[in-house]
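I have placed the structure first, in the form of structure tokens, so that the comments after it can refer back to it.
What you are looking at is a predicted structure, and each value in this text was computed from that prediction instead of being measured.
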Amino acid sequence: VQLQASGGGLVQAGGSLRLSCAASGSIFAIGDMGWYRQAPGKQRDLVATVTSGEMSRYADSIKGRFTISRDSAKKMVYLQMNNLQPEDTAVYFCALDGRRFASGSPWIRYWGQGTLVTVSS
């Protein structure tokens, strides 16, 4: 299973970006999908997740500005980011929890390679 994130770039403060993440490969079931970010010199933190039932959860720092969504049939997850601020500058990683086979296989968290978001003031 491979995840490919895209949509990052350079934007001015107050601007918007939409990140996309496409999963490929054989996977029987997909659970939670989400976005995480890692700023320079800092740990990787949760940004937002969405369950298979489309319940979403957000970090307090981005509530009201970012929206996560998913298209399970296409194995994609999105992150709409509005009113971006310089503190949102980071590498954004997508992830999903998946099972490769119908029975006997564990849930595994798969990670994408990251896409850089830079917000200038």
Side-chain angles (χ1 to χ4, degrees):
V1 177
Q2 293 185 328
L3 277 66
Q4 181 71 44
S6 61
L10 174 64
V11 64
Q12 289 187 331
S16 298
L17 285 174
R18 187 183 192 229
L19 305 183
S20 300
C21 178
S24 61
S26 177
I27 189 163
F28 173 74
I30 299 176
D32 291 1
M33 304 179 81
W35 291 93
Y36 297 74
R37 68 185 182 186
Q38 188 167 17
K42 296 189 176 181
Q43 67 181 20
R44 188 175 300 185
D45 291 325
L46 179 146
V47 175
T49 61
V50 58
T51 69
S52 56
E54 305 204 23
M55 296 292 291
S56 56
R57 178 166 64 105
Y58 297 94
D60 288 342
S61 59
I62 57 87
K63 279 182 181 177
R65 299 188 296 123
F66 293 10
T67 303
I68 190 171
S69 60
R70 65 188 280 170
D71 184 333
S72 296
K74 295 182 178 179
K75 296 186 288 187
M76 294 197 68
V77 62
Y78 308 95
L79 187 69
Q80 177 65 44
M81 305 185 294
N82 298 327
N83 191 22
L84 282 158
Q85 300 300 314
E87 54 266 33
D88 297 316
T89 295
V91 177
Y92 285 70
F93 298 88
C94 58
L96 68 81
D97 296 334
R99 291 179 66 189
R100 291 289 308 280
F101 307 105
S103 63
S105 64
W107 287 93
I108 296 173
R109 176 155 297 178
Y110 298 93
W111 291 91
Q113 87 289 358
T115 184
L116 177 63
V117 172
T118 304
V119 185
S120 63
S121 58

Kindly say whether Ile68 contributes a backbone atom to a donor-acceptor pair with the side chain of Tyr58 at under 3.5 angstrom?
-> yes
Provide the closest heavy-atom pair for Thr89 versus Ala39 in the form atom of the first, atom of the second, distance.
-> O-CB, 3.8 Å
Shortest non-hydrogen contact between Val77 and Cys94, atoms and distance = CG1-CB, 4.4 Å
Roughly how far apart are Cys21 SG and Met33 CE, rounded to 0.5 Å?
-> 6.0 Å
Got a second to check how far Thr67's OG1 is from Tyr78's OH, nearest 0.5 Å?
-> 14.5 Å
Non-hydrogen atoms of Ser20 and Met76 that approach each other most closely = CB-CE, 4.1 Å
With rounding to the nearest 0.5 Å, note down the distance linking CD in Gln80 to CG in Leu19.
-> 9.0 Å
Look at the side chain of Thr51 and the backbone N and O of Glu54, then say whether any donor-acceptor pair between them is shorter than 3.5 Å.
-> yes
List the atom pairs, with distances to 0.1 Å, where a side-chain N or O of residues 106-120 and a protein N or O form a donor-acceptor pair under 3.5 Å, not counting sequence neighbours.
from, atom 1, to, atom 2, distance (Å)
Arg109, NE, Asp97, OD1, 2.7
Arg109, NH1, Tyr36, OH, 3.1
Arg109, NH2, Asp97, OD1, 3.3
Arg109, NH2, Asp97, OD2, 3.0
Gln113, OE1, Ala5, N, 3.3
Gln113, NE2, Ala5, O, 3.1
Thr115, OG1, Gly8, N, 3.1

Taking every non-hydrogen atom, the tightest pair across Arg100 and Ser105 = N-OG, 3.8 Å
Using the rule that two of Ile, Leu, Val, Met, Phe, Trp, Tyr join whenever any of their side-chain heavy atoms come within less than 4.5 Å, decide whether Val91 and Leu84 are in one cluster.
-> no
Identify the two heavy atoms, one from Ile62 and one from Asp88, that lie closest to each other, and give their separation to 0.1 Å.
-> CG2-OD1, 4.0 Å
Would Arg70 and Ile30 satisfy side-chain contact (heavy atoms from CB on, under 4.5 Å), going step by step from the backbone distance to the final call?
-> CA-CA 11 Å; Arg70 65 188 280 170; Ile30 299 176; 3.6 Å; yes
In Å and rounded to the nearest 0.5 Å, what is the OG to NZ distance from Ser56 to Lys63?
-> 10.0 Å
Closest non-hydrogen atom pair between Ala48 and Leu79, with its separation = CB-CD1, 4.3 Å
Between the CD atom in Gln43 and the CD atom in Gln38, the distance rounded to the nearest 0.5 Å is 8.5 Å
Do any N or O atoms from the side chain of Arg99 and from the backbone of Ala29 form a donor-acceptor pair under 3.5 angstrom?
-> no
Stepwise side-chain contact (heavy atoms from CB on, under 4.5 Å) test for Leu17 and Phe66 = CA-CA 10 Å; Leu17 285 174; Phe66 293 10; over 6 Å; no
Can you tell me how far CZ of Arg57 sits from CG of Asp32, rounded to the nearest 0.5 angstrom?
-> 8.0 Å
